[in-house]
Number of protein chains: 2
Amino acid sequence: MNADYFTIGTLAKETETKIVTIRYYESIGLLPEPPRTEGNYRLYNRSHLMRLTFIRRCRSLGFTLNHVRELLALTEKQDQDCNEVDRLAHSHLEAVEHKIQDLTKLAKELRHQINSCQGGRIADCHILEALSS
Amino acid sequence: MNADYFTIGTLAKETETKIVTIRYYESIGLLPEPPRTEGNYRLYNRSHLMRLTFIRRCRSLGFTLNHVRELLALTEKQDQDCNEVDRLAHSHLEAVEHKIQDLTKLAKELRHQINSCQGGRIADCHILEALSS
DNA sequence: CTTGACCCTATAGTTACTATAGCCCCCATC
DNA sequence: GATGGGGGCTATAGTAACTATAGGGTCAAG
(Lines give C-alpha, C1' and ligand atoms only; values in the text may rest on other atoms or scores of the structure.)
Protein backbone atom coordinates (compact mmCIF):
# COMPACT_ATOMS: atom_id res chain seq x y z
CA MET A 1 0.00 0.00 0.00
CA ASN A 2 1.41 3.31 -1.13
CA ALA A 3 1.31 6.09 1.46
CA ASP A 4 0.07 8.45 -1.27
CA TYR A 5 -3.21 6.55 -1.44
CA PHE A 6 -6.00 6.64 1.13
CA THR A 7 -9.48 5.20 1.62
CA ILE A 8 -12.85 6.87 1.30
CA GLY A 9 -13.14 7.51 5.04
CA THR A 10 -9.97 9.61 5.01
CA LEU A 11 -11.12 11.52 1.96
CA ALA A 12 -14.46 12.13 3.67
CA LYS A 13 -12.81 13.54 6.78
CA GLU A 14 -10.36 15.75 4.87
CA THR A 15 -13.13 17.30 2.79
CA GLU A 16 -15.87 17.23 5.44
CA THR A 17 -18.05 15.26 3.05
CA LYS A 18 -20.26 12.29 3.82
CA ILE A 19 -18.96 8.98 2.45
CA VAL A 20 -22.25 8.37 0.66
CA THR A 21 -21.98 11.77 -1.01
CA ILE A 22 -18.56 10.87 -2.41
CA ARG A 23 -19.96 7.68 -3.87
CA TYR A 24 -22.90 9.67 -5.21
CA TYR A 25 -20.53 12.07 -7.01
CA GLU A 26 -18.78 9.08 -8.53
CA SER A 27 -22.10 7.62 -9.66
CA ILE A 28 -23.02 10.80 -11.54
CA GLY A 29 -19.57 11.08 -13.11
CA LEU A 30 -18.38 14.13 -11.17
CA LEU A 31 -15.55 12.20 -9.57
CA PRO A 32 -13.65 9.58 -11.61
CA GLU A 33 -13.88 5.94 -10.59
CA PRO A 34 -10.81 5.38 -8.43
CA PRO A 35 -8.70 2.20 -8.45
CA ARG A 36 -9.65 -0.46 -5.91
CA THR A 37 -7.74 -2.66 -3.51
CA GLU A 38 -7.97 -6.44 -3.76
CA GLY A 39 -10.69 -6.24 -1.11
CA ASN A 40 -12.65 -3.85 -3.38
CA TYR A 41 -11.95 -0.70 -1.34
CA ARG A 42 -11.74 2.58 -3.26
CA LEU A 43 -8.26 4.16 -3.25
CA TYR A 44 -7.93 7.92 -3.63
CA ASN A 45 -4.96 10.24 -4.16
CA ARG A 46 -4.20 13.96 -3.98
CA SER A 47 -5.89 14.76 -7.26
CA HIS A 48 -9.16 13.26 -6.06
CA LEU A 49 -8.81 15.26 -2.88
CA MET A 50 -8.32 18.51 -4.79
CA ARG A 51 -11.20 17.83 -7.12
CA LEU A 52 -13.61 16.99 -4.32
CA THR A 53 -12.50 20.00 -2.25
CA PHE A 54 -13.21 22.19 -5.26
CA ILE A 55 -16.64 20.65 -5.79
CA ARG A 56 -17.64 21.07 -2.14
CA ARG A 57 -16.52 24.69 -1.98
CA CYS A 58 -18.39 25.53 -5.15
CA ARG A 59 -21.51 23.89 -3.74
CA SER A 60 -21.25 25.88 -0.53
CA LEU A 61 -21.03 29.01 -2.68
CA GLY A 62 -24.35 28.32 -4.32
CA PHE A 63 -23.27 26.80 -7.62
CA THR A 64 -25.27 23.87 -8.94
CA LEU A 65 -23.52 20.63 -9.81
CA ASN A 66 -23.94 21.54 -13.47
CA HIS A 67 -22.14 24.82 -12.87
CA VAL A 68 -19.40 22.88 -11.12
CA ARG A 69 -19.20 20.51 -14.05
CA GLU A 70 -18.68 23.48 -16.37
CA LEU A 71 -16.03 25.03 -14.15
CA LEU A 72 -14.17 21.73 -14.01
CA ALA A 73 -14.46 21.45 -17.77
CA LEU A 74 -12.77 24.85 -18.09
CA THR A 75 -9.84 23.35 -16.25
CA GLU A 76 -9.67 20.44 -18.60
CA LYS A 77 -9.94 22.45 -21.79
CA GLN A 78 -6.37 23.66 -21.68
CA ASP A 79 -4.60 23.99 -25.01
CA GLN A 80 -7.86 24.02 -26.90
CA ASP A 81 -9.49 26.73 -28.89
CA CYS A 82 -10.79 29.14 -26.32
CA ASN A 83 -13.79 31.00 -27.64
CA GLU A 84 -16.17 28.81 -25.72
CA VAL A 85 -13.96 28.70 -22.65
CA ASP A 86 -13.68 32.48 -22.69
CA ARG A 87 -17.43 32.95 -22.95
CA LEU A 88 -18.04 30.55 -20.07
CA ALA A 89 -15.34 32.06 -17.90
CA HIS A 90 -16.81 35.51 -18.45
CA SER A 91 -20.28 34.38 -17.51
CA HIS A 92 -19.04 32.59 -14.41
CA LEU A 93 -16.93 35.59 -13.43
CA GLU A 94 -19.98 37.80 -13.65
CA ALA A 95 -21.95 35.46 -11.38
CA VAL A 96 -19.06 35.27 -8.92
CA GLU A 97 -18.67 39.04 -8.76
CA HIS A 98 -22.37 39.43 -8.13
CA LYS A 99 -22.23 36.94 -5.28
CA ILE A 100 -19.28 38.81 -3.76
CA GLN A 101 -21.26 42.04 -3.88
CA ASP A 102 -24.28 40.48 -2.18
CA LEU A 103 -22.16 38.84 0.50
CA THR A 104 -20.30 42.08 1.15
CA LYS A 105 -23.59 43.86 1.79
CA LEU A 106 -24.74 41.07 4.07
CA ALA A 107 -21.44 41.10 6.00
CA LYS A 108 -21.74 44.85 6.49
CA GLU A 109 -25.22 44.52 7.99
CA LEU A 110 -24.19 41.61 10.22
CA ARG A 111 -21.28 43.70 11.55
CA HIS A 112 -23.68 46.58 12.11
CA GLN A 113 -26.00 44.29 14.03
CA ILE A 114 -23.14 42.97 16.15
CA ASN A 115 -22.14 46.53 17.01
CA SER A 116 -25.72 47.44 17.88
CA CYS A 117 -25.66 44.71 20.51
CA GLN A 118 -23.21 46.63 22.70
CA GLY A 119 -25.95 48.23 24.78
CA GLY A 120 -27.64 44.92 25.53
CA ARG A 121 -30.54 45.55 23.14
CA ILE A 122 -30.76 45.59 19.41
CA ALA A 123 -31.45 49.00 18.01
CA ASP A 124 -32.14 48.81 14.30
CA CYS A 125 -31.62 45.85 12.04
CA HIS A 126 -31.23 46.14 8.29
CA ILE A 127 -30.14 42.63 7.39
CA LEU A 128 -33.21 42.16 5.26
CA GLU A 129 -32.82 45.52 3.57
CA ALA A 130 -29.21 44.64 2.68
CA LEU A 131 -30.30 42.02 0.17
CA SER A 132 -33.82 42.98 -0.74
CA SER A 133 -33.45 45.97 -3.03
CA MET B 1 -58.00 47.07 -5.84
CA ASN B 2 -55.10 49.01 -4.34
CA ALA B 3 -52.17 49.70 -6.66
CA ASP B 4 -49.83 48.77 -3.79
CA TYR B 5 -50.98 45.17 -4.02
CA PHE B 6 -50.10 42.71 -6.76
CA THR B 7 -50.71 39.05 -7.65
CA ILE B 8 -48.39 36.10 -7.42
CA GLY B 9 -47.41 36.30 -11.10
CA THR B 10 -46.08 39.81 -10.65
CA LEU B 11 -44.19 38.81 -7.52
CA ALA B 12 -42.76 35.84 -9.40
CA LYS B 13 -41.51 38.04 -12.25
CA GLU B 14 -40.02 40.71 -9.96
CA THR B 15 -38.07 38.14 -7.96
CA GLU B 16 -37.33 35.72 -10.80
CA THR B 17 -38.96 32.96 -8.78
CA LYS B 18 -41.34 30.25 -9.98
CA ILE B 19 -44.93 30.70 -8.83
CA VAL B 20 -44.95 27.21 -7.34
CA THR B 21 -41.81 28.02 -5.37
CA ILE B 22 -43.53 31.04 -3.79
CA ARG B 23 -46.45 28.87 -2.73
CA TYR B 24 -43.97 26.30 -1.44
CA TYR B 25 -42.27 28.94 0.74
CA GLU B 26 -45.67 29.87 2.11
CA SER B 27 -46.46 26.23 2.83
CA ILE B 28 -43.30 25.81 4.93
CA GLY B 29 -43.88 29.08 6.78
CA LEU B 30 -41.04 31.05 5.22
CA LEU B 31 -43.41 33.56 3.66
CA PRO B 32 -46.50 34.69 5.60
CA GLU B 33 -49.94 33.81 4.24
CA PRO B 34 -50.97 36.89 2.27
CA PRO B 35 -54.50 38.29 2.18
CA ARG B 36 -56.74 37.05 -0.64
CA THR B 37 -59.11 38.68 -3.07
CA GLU B 38 -62.76 37.68 -3.16
CA GLY B 39 -61.82 35.33 -5.98
CA ASN B 40 -59.23 33.68 -3.69
CA TYR B 41 -56.16 35.20 -5.40
CA ARG B 42 -53.14 35.89 -3.18
CA LEU B 43 -52.35 39.60 -2.78
CA TYR B 44 -48.79 40.66 -2.07
CA ASN B 45 -47.20 43.98 -1.10
CA ARG B 46 -43.71 45.53 -0.88
CA SER B 47 -42.82 43.73 2.34
CA HIS B 48 -43.50 40.35 0.76
CA LEU B 49 -41.38 41.41 -2.20
CA MET B 50 -38.47 42.36 0.05
CA ARG B 51 -38.68 39.20 2.09
CA LEU B 52 -38.77 36.96 -0.97
CA THR B 53 -35.92 38.84 -2.65
CA PHE B 54 -33.87 38.32 0.49
CA ILE B 55 -34.66 34.61 0.61
CA ARG B 56 -33.77 34.10 -3.05
CA ARG B 57 -30.46 35.95 -2.78
CA CYS B 58 -29.50 34.00 0.29
CA ARG B 59 -30.31 30.76 -1.48
CA SER B 60 -28.16 31.73 -4.46
CA LEU B 61 -25.34 32.39 -2.01
CA GLY B 62 -25.41 28.86 -0.72
CA PHE B 63 -27.38 29.29 2.52
CA THR B 64 -29.90 26.59 3.37
CA LEU B 65 -33.51 27.52 4.06
CA ASN B 66 -32.81 26.95 7.75
CA HIS B 67 -29.95 29.46 7.60
CA VAL B 68 -32.31 31.90 5.90
CA ARG B 69 -34.87 31.31 8.60
CA GLU B 70 -32.28 32.21 11.22
CA LEU B 71 -31.18 35.33 9.37
CA LEU B 72 -34.79 36.45 9.05
CA ALA B 73 -35.29 35.75 12.73
CA LEU B 74 -32.36 38.07 13.52
CA THR B 75 -34.31 40.80 11.79
CA GLU B 76 -37.38 40.11 13.86
CA LYS B 77 -35.62 39.93 17.22
CA GLN B 78 -35.18 43.66 17.52
CA ASP B 79 -35.53 45.12 20.99
CA GLN B 80 -34.93 41.78 22.60
CA ASP B 81 -32.09 40.57 24.72
CA CYS B 82 -29.25 40.05 22.31
CA ASN B 83 -26.86 37.40 23.55
CA GLU B 84 -28.36 34.81 21.24
CA VAL B 85 -28.71 37.25 18.37
CA ASP B 86 -25.10 38.32 18.78
CA ARG B 87 -23.84 34.76 18.80
CA LEU B 88 -25.83 33.93 15.67
CA ALA B 89 -24.78 37.10 13.88
CA HIS B 90 -21.12 36.34 14.63
CA SER B 91 -21.40 32.81 13.30
CA HIS B 92 -23.19 33.94 10.16
CA LEU B 93 -20.64 36.73 9.64
CA GLU B 94 -17.84 34.20 9.83
CA ALA B 95 -19.51 32.02 7.20
CA VAL B 96 -20.14 35.03 4.97
CA GLU B 97 -16.54 36.22 5.19
CA HIS B 98 -15.30 32.77 4.32
CA LYS B 99 -17.55 32.66 1.27
CA ILE B 100 -16.24 36.05 0.17
CA GLN B 101 -12.67 34.78 0.44
CA ASP B 102 -13.41 31.69 -1.63
CA LEU B 103 -15.27 33.67 -4.29
CA THR B 104 -12.45 36.21 -4.48
CA LYS B 105 -9.96 33.44 -5.20
CA LEU B 106 -12.26 31.98 -7.81
CA ALA B 107 -12.78 35.38 -9.47
CA LYS B 108 -9.03 35.91 -9.62
CA GLU B 109 -8.49 32.61 -11.41
CA LEU B 110 -11.36 33.22 -13.82
CA ARG B 111 -9.84 36.61 -14.70
CA HIS B 112 -6.48 34.95 -15.15
CA GLN B 113 -8.05 32.40 -17.47
CA ILE B 114 -9.78 35.12 -19.47
CA ASN B 115 -6.47 36.92 -19.90
CA SER B 116 -4.74 33.72 -20.96
CA CYS B 117 -7.17 33.50 -23.81
CA GLN B 118 -5.66 36.47 -25.62
CA GLY B 119 -3.38 34.33 -27.77
CA GLY B 120 -6.18 32.06 -28.92
CA ARG B 121 -5.08 29.13 -26.73
CA ILE B 122 -5.31 28.55 -23.03
CA ALA B 123 -1.94 28.44 -21.37
CA ASP B 124 -2.28 27.37 -17.77
CA CYS B 125 -5.47 27.06 -15.78
CA HIS B 126 -5.58 27.15 -12.00
CA ILE B 127 -9.31 27.37 -11.37
CA LEU B 128 -9.27 24.08 -9.55
CA GLU B 129 -6.21 25.00 -7.51
CA ALA B 130 -7.91 28.22 -6.45
CA LEU B 131 -10.42 26.39 -4.30
CA SER B 132 -8.79 23.08 -3.58
CA SER B 133 -6.13 23.84 -0.99
C1' DC C 1 -9.88 -16.55 15.09
C1' DT C 2 -12.81 -13.20 16.65
C1' DT C 3 -14.04 -8.45 17.40
C1' DG C 4 -14.60 -3.77 16.03
C1' DA C 5 -13.76 -0.16 12.84
C1' DC C 6 -14.21 0.53 8.22
C1' DC C 7 -15.73 -0.55 3.47
C1' DC C 8 -19.16 -2.48 -0.09
C1' DT C 9 -23.91 -2.27 -2.82
C1' DA C 10 -28.63 -1.21 -3.01
C1' DT C 11 -32.59 1.10 -1.72
C1' DA C 12 -35.48 4.34 0.64
C1' DG C 13 -36.03 8.90 2.71
C1' DT C 14 -35.19 14.21 2.95
C1' DT C 15 -34.68 19.03 1.29
C1' DA C 16 -35.70 22.30 -1.87
C1' DC C 17 -37.68 22.87 -5.46
C1' DT C 18 -40.37 21.99 -10.36
C1' DA C 19 -43.96 20.10 -13.47
C1' DT C 20 -48.53 18.60 -14.38
C1' DA C 21 -53.49 17.84 -13.97
C1' DG C 22 -57.86 19.51 -13.36
C1' DC C 23 -60.46 23.27 -12.16
C1' DC C 24 -61.77 28.47 -11.13
C1' DC C 25 -61.49 33.80 -11.86
C1' DC C 26 -61.51 37.78 -14.75
C1' DC C 27 -62.11 40.67 -18.45
C1' DA C 28 -61.98 41.83 -23.34
C1' DT C 29 -64.54 41.07 -27.26
C1' DC C 30 -67.93 39.00 -30.36
C1' DG D 1 -74.20 37.38 -22.15
C1' DA D 2 -71.46 33.72 -24.01
C1' DT D 3 -66.74 32.65 -24.78
C1' DG D 4 -61.95 32.27 -24.89
C1' DG D 5 -57.43 33.17 -23.22
C1' DG D 6 -54.36 34.49 -19.60
C1' DG D 7 -53.88 34.19 -15.38
C1' DG D 8 -54.86 32.01 -10.49
C1' DC D 9 -56.21 27.83 -7.25
C1' DT D 10 -55.22 23.02 -4.93
C1' DA D 11 -53.16 18.62 -4.96
C1' DT D 12 -50.00 15.33 -6.36
C1' DA D 13 -46.00 13.49 -8.59
C1' DG D 14 -41.31 14.10 -10.24
C1' DT D 15 -36.29 15.97 -9.99
C1' DA D 16 -31.68 17.41 -7.94
C1' DA D 17 -28.62 16.80 -4.50
C1' DC D 18 -27.93 14.70 -0.99
C1' DT D 19 -28.55 11.44 3.54
C1' DA D 20 -29.80 7.31 6.20
C1' DT D 21 -30.30 2.45 6.69
C1' DA D 22 -30.05 -2.53 5.82
C1' DG D 23 -27.38 -6.38 5.06
C1' DG D 24 -23.10 -7.94 4.29
C1' DG D 25 -17.72 -8.19 3.26
C1' DT D 26 -12.58 -6.60 4.65
C1' DC D 27 -8.84 -6.15 7.66
C1' DA D 28 -5.64 -5.06 11.51
C1' DA D 29 -5.28 -5.83 16.49
C1' DG D 30 -5.38 -8.70 20.18
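In what follows, every chain begins at residue 1, and chains take the letters A, B, ... in the order their sequences are listed.
Each of C/dA19, C/dC8, D/dT21 was ranked by its minimum atom distance to the side chain of A/Val20; first place goes to D/dT21. For A/Lys18, taking side-chain heavy atoms from C-beta onward, the closest of the listed nucleotides C/dC8, D/dG8, D/dA20 is D/dA20. Across C/dA19, D/dC27, C/dC8, the shortest atom-to-atom separation from the side chain of A/Thr37 is found for D/dC27.
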Within the sub-3.5 Å range, which N or O atoms of nucleotides 16-18 of chain D have a protein N or O partner, and how far apart are they?
unit_1	atom_1	unit_2	atom_2	d
D/dA17	OP1	A/Leu65	N	3.2
D/dA17	O3'	A/Arg59	NH2	3.2
D/dC18	OP1	A/Arg56	NH2	3.1
D/dC18	OP2	A/Tyr25	OH	2.7
D/dC18	OP2	A/Arg59	NE	2.8
D/dC18	O5'	A/Tyr25	OH	3.4

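Between A/Thr37 and A/Tyr5, every side-chain heavy-atom pair lies at or beyond the 4.5 Å cut-off. Contact annotation: the side chain of B/Arg57 never approaches that of A/Ser132 to less than 4.5 Å [non-hydrogen atoms, C-beta and beyond]. Between A/Lys99 and B/Asp102, every side-chain heavy-atom pair lies at or beyond the 4.5 Å cut-off. The side-chain heavy atoms of B/Glu109 and B/Glu129, taken from C-beta on, include no pair separated by under 4.5 Å.
Summarising the geometry, the separation between CZ on B/Arg23 and C1' on D/dC9 is reported as 6 Å, rounded to the nearest angstrom. Residue A/Ile19 contributes atom CD1, which lies 14 Å from atom C1' of C/dT9 at whole-angstrom precision. Rounded to whole angstrom, the span from the CD atom of B/Glu26 across to the P atom of D/dA11 amounts to 12 Å. At whole-Å resolution of the value, CD in B/Glu33 and P in D/dC9 are 12 Å apart. As rounded to whole Å, 18 Å separates atom C1' of C/dT15 from atom CZ of B/Phe63. Atom pair B/Leu11:CG and D/dG7:C1' shows a separation of 15 Å (rounding to whole Å applied). The separation between A/Asn40 atom CG and D/dG25 atom P is 13 Å, rounded to whole Å.
If you check distances only, the side chain of A/Tyr41 does reach the base of C/dC6 with a donor-acceptor pair under 3.5 Å.
Tracing side-chain contacts under 4.5 Å through hydrophobic residues (I, L, V, M, F, W, Y), one reaches B/Tyr24 starting from B/Ile8; they form part of the same cluster.
Using a cutoff of 4.0 Å between basic side-chain nitrogens and carboxylate oxygens, B/Glu76 and B/Arg51 are scored as salt-bridged.
One finds a side-chain N or O of B/Arg36 lying less than 4.0 angstrom from the OP1 or OP2 phosphate oxygen of D/dT10. One finds a side-chain N or O of B/Arg42 lying less than 4.0 angstrom from the OP1 or OP2 phosphate oxygen of D/dT10. The phosphate of C/dC6 has neither OP1 nor OP2 within less than 4.0 Å of any side-chain N or O from A/Thr7.
Using modelled atom types and a 3.5 Å distance limit, the side chains of A/Tyr25 and A/Arg56 yield a donor-acceptor pair.
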